[in-house]
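Take a look at the structure below.
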2 protein chains.
Amino acid sequence: MAELDPEMFDPMCPSGALPFQIGDKWTGMVVLCLEHGRRRFTEIRVPLRGVTPKVLTQTLRAMERDGLVVRTAYPENPPRVEYELTALGRSLLTLIEAARAWSRDHLPALLAARQRHERALDTVPVSDPQASR
Amino acid sequence: MAELDPEMFDPMCPSGALPFQIGDKWTGMVVLCLEHGRRRFTEIRVPLRGVTPKVLTQTLRAMERDGLVVRTAYPENPPRVEYELTALGRSLLTLIEAARAWSRDHLPALLAARQRHERALDTVPVSDPQASR
DNA sequence: CGGCATCCTAATGGATACTG
DNA sequence: CAGTATCCATTAGGATGCCG
C-alpha cells in the first residue's frame, strides 16, 4: 500500500465553499485517507496538514463511536495504533463520490455566483463607508 | 401548490446524527421547502420550527450569494418577499436524495453502533468516579 | 508514538426587542 | 410582513505543554 500523498488535499482547493460536509471538518478526509487500507495515527496526520493531535483524536473517537472506523492499539513501545474503515465507514465513500460529482458539475457556477455578488457590492462602495474594512 | 406541512421536519428524527450536512444547519431544509415552488419568508419559517428571523435571513442571504435562490421583493405594504430555487439550487436535490438513500440504508447501523458504545461505557462505571456527573 | 490536560479564540446559532 | 439590532450561550477548533 502506497504512502499517503502529503498533497492529497490541496489547501487552495475551494472545498470550503462546498455547500455540504461529511461529518465534522476532517471526517471526510479521514475516510479518504483510509480508503485503501489501515493507517497509523501519524500517517493520517500528514495529508491533514495542520490538524492538531487533539482534534484528530476527537474526530477519530467520534468515528469509532459511530462505527465508522475500528481502532487497534498494539501494546508495544513506542506505541502503535492503526485505524481502519468498517463496512459502514466505507459506505460513506459513495456519498463522497456523489459530493465530488456535484462539485465537478456545479461548484464553478456557485463560485461564479459568489464572485458576481462580491463585484456587485464593489460597484456601490459609496453606500458603505466600511467597505474597505 | 399546497401549503408546507408544519410537521415536514420531525424534531424527533435523528437527522442530527447524520454524518453529513448540506450547507449550514438550515440550508438543506430550506431547499426542501422550496422544492415545489416559490415561498414567502414566513411560509418557510413554519416547518423550520423555532428558527429566528435573524438566522433564517442569514441562511437565505448566504444562499442568494451562492446563487442557490433568487429573492424577489414586491414594493407593497405590507411587504411581500418570495424566494425561489435556481437551477443551481435545484441541483442540490440530487445530493439530498443521495443523503437520504444513505440514511435509509445505513443510519440504523450508525445509531446501533452509537448505542453499543454508550452501553459499553455503562458497564465500567467503577473505573470513572465522575461517571454520574 | 499517540495521545491527554489545559487554555483560548472565533464563529455559529439563538433570545429578545424594535422598525419601515 | 419581513426583516434589523443587540446581546448572549454554546461549540468547534486550535495552541501549547506534558506523559507513559
Side-chain angles (χ1 to χ4, degrees), chain A residues 3-4 9 11 15-17 19-30 33-34 38-46 48-66 69-84 127-128 130 133, chain B residues 3-4 9 11 15-30 33-34 38-46 48-66 69-84 127-130 133:
Chain A
E3 282 183 12
L4 290 178
F9 304 110
S15 54
F20 40 78
Q21 193 182 321
I22 309 289
D24 69 3
K25 183 173 176 181
W26 302 102
T27 304
M29 296 187 226
V30 170
C33 284
L34 300 179
R38 46 176 52 193
R39 301 281 182 183
R40 300 183 59 168
F41 187 87
T42 313
E43 215 174 352
I44 299 173
R45 280 193 72 183
V46 175
L48 276 50
R49 280 165 294 206
V51 72
T52 60
K54 185 195 100 173
V55 172
L56 183 54
T57 300
Q58 280 177 359
T59 301
L60 289 167
R61 288 289 190 278
M63 294 176 71
E64 191 189 6
R65 169 177 56 87
D66 288 347
V69 299
V70 287
R71 175 182 184 275
T72 312
Y74 299 89
E76 304 172 355
N77 200 307
R80 182 164 58 97
V81 177
E82 289 186 340
Y83 293 90
E84 185 178 13
S127 69
D128 179 9
Q130 301 288 323
R133 174 175 49 95
Chain B
E3 282 183 10
L4 289 177
F9 305 109
S15 56
L18 291 181
F20 40 78
Q21 193 182 323
I22 308 291
D24 68 5
K25 183 171 176 180
W26 303 102
T27 303
M29 296 187 227
V30 170
C33 284
L34 300 179
R38 46 176 52 193
R39 301 281 182 183
R40 300 183 61 166
F41 187 87
T42 313
E43 213 173 353
I44 299 173
R45 278 192 75 185
V46 175
L48 277 50
R49 280 165 293 205
V51 72
T52 60
K54 186 195 98 174
V55 172
L56 182 55
T57 301
Q58 281 177 356
T59 301
L60 289 166
R61 289 288 190 279
M63 294 177 71
E64 191 188 8
R65 169 176 57 87
D66 288 347
V69 300
V70 287
R71 176 183 184 274
T72 312
Y74 299 88
E76 306 172 354
N77 200 307
R80 182 164 58 99
V81 178
E82 289 185 339
Y83 293 90
E84 186 177 13
S127 69
D128 179 9
Q130 301 289 323
R133 175 172 49 94

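Note that this is a predicted model, so its numbers are computed, not measured. Per chain, numbering begins at 1; letters A, B, ... match sequence-line order.
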Qualifying residues under ring pair (Phe, Tyr, Trp, His ring centres under 6.0 Å), relative to A/Phe41, sequence neighbours excluded: none

Of the residues in residues 71-82 of chain B, which ones touch DNA chain D at a heavy-atom distance under 4.0 Å? B/Arg71, B/Pro78, B/Pro79, B/Arg80, B/Val81

Please report, rounded to the nearest Å, how far the P atom of C/dC1 is from the CZ atom of A/Arg39. 17 Å

So, does A/Arg71 use its side chain to make a donor-acceptor pair with the main chain of A/Val81 at under 3.5 Å? no

I'd like a list of close polar pairs between nucleotides 4-13 of chain C and the protein, N/O only, cut-off under 3.5 Å.
from: C/dC4; atom 1: OP1; to: A/Arg61; atom 2: NH2; distance (Å): 3.1
from: C/dG13; atom 1: OP1; to: B/Lys25; atom 2: N; distance (Å): 3.2

In this structure, how many angstroms lie between the P atom of D/dC1 and the CZ atom of B/Arg45, rounded? 10 Å

Minimum heavy-atom distance B/Trp26-B/Leu48, with the two atoms named: CE3-CG, 3.7 Å

Summary of salt bridge (charged side-chain N to carboxylate O under 4.0 Å, His left out) pairs that have at least one residue in residues 73-83 of chain A, sequence neighbours excluded: A/Arg38-A/Glu82, A/Glu76-A/Arg80, A/Arg80-A/Glu82

Please give, in whole Å, the distance from D/dG3 P to B/Leu48 CG? 15 Å

Within the structure, does a side-chain N or O atom of A/Thr52 lie under 4.0 Å from either OP1 or OP2 of D/dA15? no

Considering all heavy atoms of both residues, which atom of B/Leu60 and which atom of B/Val69 are nearest to each other, and what is their separation? O-CG2, 4.0 Å

Please enumerate all residues that pass side chain to side chain donor-acceptor pair (under 3.5 Å) together with A/Asp66, with sequence neighbours excluded. B/Arg114

Rounded to whole Å, CD of A/Glu64 lies from P of C/dG2 at a distance of 15 Å

What residues, two or more places apart in sequence or in another chain, satisfy side chain to side chain contact (heavy atoms under 4.5 Å, CB included) together with A/Arg49? A/Glu7, A/Pro11

Length of the OH-C1' vector between A/Tyr83 and C/dG2, whole Å: 8 Å

With distance as the sole test, does A/Gln21 use its side chain to make a donor-acceptor pair with the main-chain N or O of A/Asp24 at under 3.5 Å? yes

